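Notes to accompany the following structure.
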Protein chains: 2
Amino acid sequence: MSALRNSKQRDAVLRVLSERYDHPTAEEVYISVKKVIPSVSLATVYRNLKLLESEGMIIKITTPESDRFDGHTHEHYHFTCNECKRVIDLELSEGLNVNALPKSFGGKITGHELMFYGLCEGCNKI
Amino acid sequence: MSALRNSKQRDAVLRVLSERYDHPTAEEVYISVKKVIPSVSLATVYRNLKLLESEGMIIKITTPESDRFDGHTHEHYHFTCNECKRVIDLELSEGLNVNALPKSFGGKITGHELMFYGLCEGCNKI
DNA sequence: AAGTTAACGATAATGATTATCATTATCAAT
DNA sequence: ATTGATAATGATAATCATTATCGTTAACTT
């Protein structure tokens, strides 16, 4: 059943994401990886982003603009600036009590994603 | 500055969404509108979905799979089934206290979107 | 009734993501 | 170390949702 092999490209994708905190797009990850492995293909970056996400090693953040990726998988939330489209980490003062939430729901909840919208500090001042 | 005119097509898009509770995709809205206005164009449906969303009359729900639309704009949340990809409304037993949330954040929060993931009632039984 | 232009229908263009396929690299078994 | 099986790659074609273009139609103002 398709054992996973080592690959420099996959390692590079993972390293790039673990070192960045700005939630890059696939294209931006590609640019970063190219600096380490100039011959890398965009398709390989897409492949490994998908694979790493399915392995739970990175998180895909779906925004109205574009998909972005996060190498830090601890529970935290995100903010998208409506102006500059930047995605910023938000730590919550009190955690989201997921268990208390659904009033009547027959299925099983295994995860959730919370996105805030508005203006970031920089764009709010303009 | 570009006054808004009436249009049967836009009315039809809005009516379809107000009568449905299953969060259809643009394509599915198109199919529904076609039953009332067979000559309608897919481009017109996209145009009006975008316009109605910017007017705050409908909500666009961005999911990892596809964008979906909701004609009911009161505050409520959604659940996506990882199996059948259905999007279901979730009313919360206790509201999300947005104001208490951000620990330290210099910007301005104007909205948020909360999506739950898991297995819906049907898929959970299989 | 005529003029202005928002909105339309049809369709081409775009852009992000995925599929294909020949080649290369990883790794277990020898 | 060598070999064989196949996962992974790079290059690129294909796909598919969305947007742009453009000539025509229809809503509203005068």
Side-chain angles (χ1 to χ4, degrees), chain A residues 1-17 22-55 57-70 80 82 85-87, chain B residues 1-17 22-55 57-70 80 82 85-87:
Chain A
M1 45 197 60
S2 72
L4 212 55
R5 294 179 183 175
N6 283 338
S7 110
K8 299 185 211 307
Q9 290 83 350
R10 183 152 61 238
D11 291 347
V13 168
L14 193 52
R15 174 170 300 111
V16 161
L17 285 177
D22 62 341
H23 316 88
T25 62
E27 188 72 31
E28 290 166 345
V29 172
Y30 171 60
I31 291 169
S32 283
V33 173
K34 256 183 121 58
K35 290 174 184 165
V36 187
I37 308 175
S39 64
V40 76
S41 164
L42 178 57
T44 295
V45 170
Y46 270 102
R47 262 191 297 253
N48 281 308
L49 286 172
K50 178 171 272 199
L51 191 143
L52 289 168
E53 197 228 345
S54 75
E55 297 284 315
M57 303 185 69
I58 65 173
I59 292 170
K60 181 169 83 169
I61 307 166
T62 302
T63 82
E65 312 301 324
S66 57
D67 286 348
R68 292 169 171 279
F69 297 89
D70 191 333
T80 301
N82 291 331
K85 311 303 180 193
R86 235 185 291 269
V87 175
Chain B
M1 48 195 67
S2 71
L4 211 57
R5 294 179 183 175
N6 283 337
S7 111
K8 298 185 211 309
Q9 290 84 349
R10 183 153 59 240
D11 290 349
V13 167
L14 193 53
R15 173 172 298 111
V16 161
L17 284 178
D22 62 342
H23 315 89
T25 62
E27 187 73 31
E28 290 166 346
V29 172
Y30 171 60
I31 292 169
S32 283
V33 173
K34 256 184 119 59
K35 290 174 183 166
V36 186
I37 308 174
S39 65
V40 75
S41 164
L42 178 57
T44 294
V45 171
Y46 271 102
R47 259 191 298 256
N48 282 308
L49 286 172
K50 178 172 275 201
L51 191 144
L52 289 168
E53 197 226 346
S54 73
E55 297 283 315
M57 303 185 70
I58 66 173
I59 292 170
K60 180 168 83 167
I61 306 166
T62 303
T63 83
E65 311 301 322
S66 56
D67 286 347
R68 293 169 170 280
F69 296 89
D70 192 333
T80 301
N82 291 331
K85 312 303 180 191
R86 236 185 291 267
V87 175

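These numbers come from a predicted model, not from an experiment. Just so it is clear: chains get the letters A, B, ... in the order the sequence lines come, proteins before strands, and each one is counted from 1.
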Below 4.5 Å, heavy atoms only, C-beta onward: do [X] and [Y] meet side chain to side chain?
X	Y	answer
B:Pro64	A:Asp67	no
A:Leu51	A:Leu4	yes
A:Leu49	A:Lys60	no
A:Leu42	A:Glu27	yes

Note to self: Please tell me if B:Ser7 has a side-chain N or O lying less than 4.0 Å from either OP1 or OP2 of D:dA26.
What the structure shows: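 Indeed not, no polar side-chain atom of B:Ser7 lies that close.
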
Next item on the list: Between B:Asn6 and A:Lys50, just flag the one whose closest nucleotide in DNA chain C comes earlier from the 5' side.
Entry: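 The residue closer to the strand's 5' end, by nearest nucleotide, is B:Asn6.
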
Between atom [atom1] in [X] and atom [atom2] in [N], what is the gap in whole Å?
X	N	atom1	atom2	value
B:Ile61	D:dA17	CD1	C1'	18 Å
A:Leu4	D:dA5	CG	C1'	16 Å
B:Asn48	D:dT19	CG	C1'	14 Å
B:Asp11	D:dA26	CG	C1'	14 Å
B:Tyr30	C:dA10	OH	P	8 Å
A:Arg5	D:dT9	CZ	C1'	12 Å
B:Glu53	D:dT18	CD	C1'	14 Å
A:Glu28	C:dA16	CD	C1'	14 Å

For [X] against [Y], the heavy-atom pair lying closest together:
X	Y	value
B:Phe69	B:Ile58	CD2-CD1, 4.0 Å
A:Ala26	A:Val45	O-CG1, 3.8 Å
B:Lys85	B:Glu65	NZ-OE2, 3.5 Å

Item checked: Five-pair end axes of the helix from C:dA1-D:dT30 to C:dT30-D:dA1, angle between them (10°) ->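 The helix from C:dA1-D:dT30 to C:dT30-D:dA1 shows an end-to-end axis angle of 40°.
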
Margin query: Under the side-chain hydrogen bond (donor to acceptor under 3.5 Å, both in side chains) definition, can you give me all pairs with a residue in residues 4-17 of chain A, not counting sequence neighbours?
Written below: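 For residues 4-17 of chain A: A:Arg10-A:Asn48.
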
Item checked: Contact list for DNA chain C against residues 31-47 of chain A - heavy-atom distance below 4.0 Å ->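 Contacts with DNA chain C under 4.0 Å: A:Ala43, A:Tyr46, A:Arg47.
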
Next item on the list: Classify the side-chain pair A:Tyr46/A:Lys50 by whether it contains a donor and acceptor separated by less than 3.5 Å.
Entry: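 Not at all, the side chains of A:Tyr46 and A:Lys50 share no donor-acceptor pair under 3.5 Å.
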
Note to self: Need one value for A:Gln9: base, sugar-phosphate or nothing, where a base atom within 4.0 Å counts as base even if backbone is also close, heavy atoms only.
What the structure shows: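 Sugar-phosphate, backbone atoms only, no base.
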
